[in-house]
Amino acid sequence: MRHKLLLLTHDNDRYRELLTSCHLPDLTLLDDDPQNIVEADIWLAEPALAAPILPHGRKLTWMQSTMAGVDALVKPRQRKDYLLTNVRGIFGPLMSEYLFGYLLAHQREHQKYKSQQAEKIWRPGSFKTLQGQHLLLLGTGNIAKHLAQTAKHFGMQVTGINRGAKPTKGFDTVDTLAQLPQYLAQADAIASILPSTAETRGALNAQMLSLMKPEAIFFNLGRGDVLDLDALYQQLVNHPQQNAILDVFNQEPLPQEHPIWTLSNVIITPHIAAPSFPEQVVEIFSVNYHKLLKGERLSHEVNFQRGY
């Protein structure tokens with residue numbers, strides 16, 4: 001049986017080049033011509049590009065997302081009569097670089113010394129070490145496991161939050177979202193890597209954020225709708241010793257009029273903490289395609305009910 005693959009990415013030419021160099025028997029690559037949308041039985045797609053035209057993909061049986069997040073495809077009213085797989089297992093190192101890059105810069109007061117350098121001031125600051133500090137990870141999946149492993153290299157205590165308090169290698173403690181308040185009050189650094197689900201949406205509200213330690217640093221790296229951004233803004237205005245590093249937002253791009261842009265204790269990045277590179281995505285797609293040909297179960301299947 002021949003398969004027809006529809007490419008729906010912002011980098012179709014690069015994906016086509018990479019796919020052409022792979023051994024993918026019985027596969028024809030199509031562009032996004034309207035007729036091809038109807039004819040293709042496999043899509044390699046960015047969720048945001050695929051979601052609006054999903055109803056037209058009448059022959060679609062499998063979609064390989066180019067991203068880990070598939071929120072646009074698992075919304076309640078979206079069709080779910082096809083197999084959806086995403087990309088996993090490639091973001092841990094990138095997310096660790098991002099989180100610990102900013103965390104170490106914060107601990108070692110890089111910005112302070114840069115400002116002093118401009119004025120030729122020689123004044124040692126207050127040294128801080130990650131050793132013995134408490135990192136709270138909201139999520140215990142592949143990314144969080146890598147973050148926990150990196151944290152252990154720095155001598156940190158690591159707590160994880162997941163659905164069932166399932167013990168997870170690399171974490172000192174694992175508990176449920178219901179127990180989050182007690183851990184927020186203990187954590188020096190907090191990173192949300194939670195998926196967007198009915199249980200997690202809005203979990204980090206004003207009441208939760210008010211429990212953070214006076215000098216806590218917060219990272220939002222998972223899904224934007226887990227966090228009440230307006231509540232975080234007010235929290236950081238009222239507690240200027242707290243800091244936030246924000247990479248994901250409920251609305252992207254973040255509207256220019258949002259006041260959180262102006263806070264000196266916030267760093268905003270445009271959803272770049274852990275990008276998926278075409279070379280990595282194509283490798284995952286290729287492995288899954290060969291599994292498809294053999295009638296084997298594909299890797300990284302998304303549970304539509306859970307949303308990830």
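Positions are given from 1 along the sequence.
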Side-chain ([X]) to main-chain ([Y]) donor-acceptor, under 3.5 angstrom:
X: H146; Y: N142; result: no
X: K112; Y: R108; result: no
X: Q116; Y: W122; result: no
X: N288; Y: L298; result: no
X: Q234; Y: D230; result: no
X: E252; Y: P270; result: no
X: H10; Y: L49; result: no
X: D247; Y: A273; result: yes
X: N265; Y: L236; result: yes
X: R88; Y: I143; result: no

side-chain contact (heavy atoms from CB on, under 4.5 Å) between K166 and T140, intermediate numbers included: CA-CA 9 Å; K166 180 181 178 182; T140 59; over 6 Å; no

Does one hydrophobic cluster hold both [X] and [Y], with members joined at side-chain heavy-atom distances below 4.5 Å?
X: L19; Y: V287; result: no
X: L54; Y: L44; result: no
X: I190; Y: M95; result: no
X: V266; Y: I217; result: no
X: F91; Y: V282; result: yes

Is there a side-chain contact between [X] and [Y] in this structure, where contact means two heavy atoms from C-beta onward sitting under 4.5 Å apart?
X: L103; Y: F219; answer: yes
X: S126; Y: E109; answer: yes
X: L232; Y: L204; answer: no
X: S299; Y: T85; answer: no
X: Y308; Y: V74; answer: no
X: E17; Y: S21; answer: no
X: I42; Y: F285; answer: yes
X: K59; Y: K4; answer: no

Looking only at non-hydrogen atoms, find the nearest pair between [X] and [Y] and report the distance.
X: L24; Y: S286; answer: CD2-OG, 3.7 Å
X: Q305; Y: N303; answer: N-OD1, 2.9 Å
X: P195; Y: T200; answer: O-OG1, 2.6 Å
X: V158; Y: A151; answer: CG2-CB, 3.7 Å
X: V70; Y: G307; answer: CG2-O, 4.1 Å
X: S276; Y: V281; answer: CB-CG2, 3.9 Å

Is the centre of the F304 ring less than 6.0 Å from the centre of the Y82 ring? yes

Assert yes or no for the condition that the ring centre distance of F154 to F100 is strictly below 6.0 Å. yes

Greater than 12 external heavy atoms within 6.0 Å of [X]'s [atom1]:
X: E296; atom1: CD; result: yes
X: Q78; atom1: CD; result: yes
X: Q182; atom1: CD; result: yes
X: R2; atom1: CZ; result: yes

How long is the gap from [atom1] on [X] to [atom2] on [Y], to the nearest 0.5 Å?
X: F218; Y: I245; atom1: CZ; atom2: CD1; answer: 10.5 Å
X: Q157; Y: L130; atom1: CD; atom2: CG; answer: 13.5 Å
X: L254; Y: L246; atom1: CG; atom2: CG; answer: 8.5 Å
X: E215; Y: M212; atom1: CD; atom2: CE; answer: 12.5 Å
X: L209; Y: Q235; atom1: CG; atom2: CD; answer: 6.0 Å
X: L99; Y: L135; atom1: CG; atom2: CG; answer: 6.5 Å

Determine, stepwise, if the pair Q64 / V87 fulfils side-chain contact (heavy atoms from CB on, under 4.5 Å). CA-CA 8 Å; Q64 173 67 63; V87 288; 3.8 Å; yes

Verdict with reasoning, T168 to K145, per side-chain hydrogen bond (donor to acceptor under 3.5 Å, both in side chains): CA-CA 8 Å; T168 307; K145 288 174 185 174; over 6 Å; no

Report the hydrophobic cluster partners of F277, with the cluster defined as I, L, V, M, F, W, Y residues connected by side-chain heavy atoms closer than 4.5 angstrom, directly or transitively.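 ILVMFWY cluster around F277 also holds L94.
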
Do R14 and E279 pass the salt bridge (charged side-chain N to carboxylate O under 4.0 Å, His left out) test, and can you show the C-alpha distance, the side-chain angles, and the key distance before you say yes or no? CA-CA 9 Å; R14 179 57 179 155; E279 293 82 358; 2.7 Å; yes

For a side-chain contact (heavy atoms from CB on, under 4.5 Å) check, start with the C-alpha distance between Q107 and Q133, then their side-chain angles and the critical distance, and finish with the verdict. CA-CA 11 Å; Q107 293 290 103; Q133 289 204 13; 2.7 Å; yes

Criterion side chain to side chain contact (heavy atoms under 4.5 Å, CB included) against P278, the qualifying member of D11, T9, T66, D13: D11

Let me see the working for N250 and L229 under side-chain contact (heavy atoms from CB on, under 4.5 Å), right down to the final yes or no. CA-CA 8 Å; N250 196 28; L229 190 63; over 6 Å; no

Apply side chain to side chain donor-acceptor pair (under 3.5 Å) to T159 and list each qualifying residue two or more places apart in sequence or on a separate chain.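 If we apply the side chain to side chain donor-acceptor pair (under 3.5 Å) test to T159, skipping adjacent residues, the hits are H134.
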
List for me each residue that meets side chain to side chain donor-acceptor pair (under 3.5 Å) alongside K75, sequence neighbours excluded, and say none if there are none.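 By the side chain to side chain donor-acceptor pair (under 3.5 Å) rule, K75 matches no residue at all.
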
Check against side-chain hydrogen bond (donor to acceptor under 3.5 Å, both in side chains), Y98 and T269: CA-CA 10 Å; Y98 180 94; T269 58; 2.6 Å; yes

Between H3 and Y289, what is the ring plane arrangement, given parallel below 30°, perpendicular above 60°, and tilted in between? perpendicular

Salt bridge or not between K152 and D172? Use side-chain N to carboxylate O under 4.0 Å.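 Salt bridge: yes.
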
Determine, for D81 against R79, whether the closest basic-nitrogen to carboxylate-oxygen distance falls under 4.0 angstrom.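 The answer is yes: the pair qualifies as a salt bridge.
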
